[in-house]
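Just so you know, ligand 1 is whichever comes first in the structure, and atom 1 is the first atom listed for that ligand.
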Amino acid sequence: MKIICIGRNYRKHAEEMAQDVPAQPIFFMKPETALIKAGLPFFYPSFSRQVHYEAELVIRINRTGKNIQERFAHRYYDSVAAGFDFTARDLQKECISSGKPWEIAKAFDGSAAHSDFHPIGGLEDPGNIRFSLKKNGLLVQQGHSADMVFGFDALIAHVSRYVTLKIGDLLFTGTPAGVGPVEVDDKLELFLEDKLVFTLKVK
Ligand code: ZN
């Protein structure tokens, strides 16, 4: 299983990061070891002083495919989760400014987590999936899938030009505006539509 993450896929998040909206999707990967095991907290890593939450919609690939055309991409997933792409923002800034790859900032152990998967067809509005994040009870991020620069199908088409997608692969589809720091003892709650689907403590 591999984890593929999309960068700058919401206009307002690109703006808050002072970056351009890309003409093509940007993706990077995390290893399987990045995923937090069920029931465990997020352990704040010793090598960063500025870890940010990024709440994202996650889709799970359910068929193997390569060079998938956008019009057929909907056949490759049928469920969605809400998840976290934790980012060591201080290390990422350093990587970007010195032209280095992002792995130490994005692929570390515990840098990914997600709720259970929910059938997309069972959601209120499958064409515009709403999700949000509360930190210590306060709403900090809210996203709508229709605001993505590249939708699920375009992302699958793009990524699968380069990388074969296999059953069980996870696609983190980018974060909306409102990213910010986490601190030890924070409680993070992810919502799909109005339903609380995932709670994570920071330790
Ligand atoms: Zn992200």
Trainee: Please find out if less than 6.0 Å separates the ring center of Tyr53 from that of Phe86.
Mentor: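 Centroid separation for Tyr53 and Phe86: 6.0 Å or greater.
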Trainee: Within the structure provided, determine whether Ile96 and Lys93 are in side-chain contact (heavy-atom separation under 4.5 Å).
Mentor: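 No; the side chains remain at least 4.5 Å from each other.
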Trainee: Anything under 30° is parallel, anything over 60° is perpendicular, the rest tilted; go ahead and classify Tyr77 against Phe152.
Mentor: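 The rings of Tyr77 and Phe152 stand perpendicular, inter-plane angle above 60°.
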Trainee: Which label fits Phe27 and His158: parallel for a plane angle under 30°, tilted from 30 to 60°, or perpendicular past 60°?
Mentor: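 Answer is perpendicular, since the angle exceeds 60°.
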Trainee: At distances under 2.8 Å, what protein N, O or S atoms surround the Zn ion (ligand 1)?
Mentor: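 Counting only protein N, O or S atoms under 2.8 Å from the Zn ion (ligand 1), the list reads Glu54 OE1, Glu56 OE2, Asp85 OD2.
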Trainee: Where does the angle between the aromatic ring planes of Phe108 and Phe47 fall among parallel (under 30°), tilted (30 to 60°) and perpendicular (over 60°)?
Mentor: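 Judged by the thresholds at 30° and 60°, the geometry between Phe108 and Phe47 is perpendicular.
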Trainee: Any chance the rings of Phe191 and Phe131 have centres within less than 6.0 Å?
Mentor: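 Ring centroids of Phe191 and Phe131 are no less than 6.0 Å from each other.
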